[in-house]
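A short worksheet on the structure shown next.
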Amino acid sequence: MTGDLFAALRAPTIEHIADGATWLRAYAEDDAAALIEAIAQVTAQAPFRQMQTPGGYTMSVAMSNCGELGWVTDRRGYRYQREDPLSQQPWPEMPAIFLALAERAAAAAGFHNFLPDACLINRYTPGARMSLHQDKNERDMSQPIVSVSLGLPATFLFGGAGRADKPLRMRLESGDVVVWGGPARLRFHGVDTLAQGAHALTGDCRYNITFRKAG
Ligand code: SIN
Ligand code: FE2
């Protein structure tokens with residue numbers, strides 16, 4: 001039964017999706033409830049907000065950050081900064097469970113000694129989407145991206161080196177982790193419009209936590 005808290009856990013599997021890109025299915029499933037609790041603690045201090053793009057659009061995805069550096073966007077552009085623009089205070093510390101998972105997942109995908117200093121937390125409600133983009137505001141492109149999905153499933157679009165390359169469509173479920181780096185570090189990616197649903201751990205939303213070495 002879907003949505004049953006006592007449903008059997010999925011077996012973790014490791015799938016190579018492209019040179020430098022790995023799909024760790026169900027990798028974070030055991031930690032999902034604790035990760036969601038940590039998201040609640042972070043966002044009690046740095047609440048989710050829908051940011052403005054430089055072009056003046058309001059993003060459909062609500063965001064927050066933890067760690068030394070947080071990714072933000074406003075009319076002035078995309079960037080990382082040490083302070084939450086809402087409070088002018090440093091972003092909340094990265095919870096230990098976040099850091100441990102990010103390091104473990106990166107290593108499982110072949111990237112050892114990953115030490116992220118930035119963690120973006122995305123919240124999607126039905127109708128929210130993220131258009132194809134590259135993660136390129138980070139200074140250190142030798143470090144991978146570790147992306148953890150929690151709650152409602154979503155279709156992740158994993159594109160190529162060019163915006164026009166036809167993306168792979170990956171249905172990410174709660175607990176799935178995708179890691180891309182090295183030759184895949186600048187691949188375009190995005191998330192298709194989130195469908196309605198109900199998840200035992202998150203209700204009507206999907207969270208994504210993305211770890212990066214930004215500074
Ligand atoms: C992102 O690219 O920042 C988010 C990806 C996702 O939500 O899976
Ligand atoms: Fe991204």
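Numbering of ligands and ligand atoms starts at 1, following listing order. Quick note: numbers below take in every heavy atom, side chains included, and nothing from hydrogens, waters or symmetry partners.
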Check for me whether the distance between the ring centres of His16 and Trp23 falls short of 6.0 Å.
no
Polar side-chain atom of Asp117 near backbone of Glu68 as donor-acceptor pair, under 3.5 Å:
no
So for ligand 1, is Asn208 a polar contact partner (N or O within less than 3.5 Å, distance only)?
yes
Taking the minimum heavy-atom distance to atom 7 (O) of ligand 1, which of Phe158, Phe188, Tyr124, Tyr207 ranks first?
Tyr124
Within a distance under 4.0 Å of any heavy atom of Arg206, pick out the atoms of ligand 1 and give their elements.
6 (C), 7 (O), 8 (O)
Donor + acceptor pair across side chains of Tyr80, Arg212 (<3.5 Å):
yes
Verify the ring-centre separation between Trp180 and Phe156: is it less than 6.0 angstrom?
yes
Rounded distance (nearest 0.5 Å) linking atom OG1 of Thr125 with atom CD of Gln196:
9.0 Å
I need the nearest protein heavy-atom contact for atom 1 (C) of ligand 1: residue, atom name and distance, please.
Met130 SD, 3.5 Å
Identified side-chain hydrogen bond (donor to acceptor under 3.5 Å, both in side chains) partner of Trp71 from the options Asn122, Asn137, Asp135
Asn137
Distance filter under 4.0 Å to Val191 heavy atoms, resulting ligand 1 atoms
5 (C), 6 (C), 7 (O), 8 (O)
Just to confirm my numbers, could you give the angle made at the Fe ion (ligand 2) by OD1 of Asp135 and NE2 of His133, rounded to 10°?
90°
Quick note on ligand 1: atoms under 4.0 Å from a heavy atom of His189 include exactly 2 (O)
Considering only the protein, which heavy-atom contact is closest to atom 3 (O) of ligand 1, and what is its distance?
Asn122 ND2, 3.4 Å
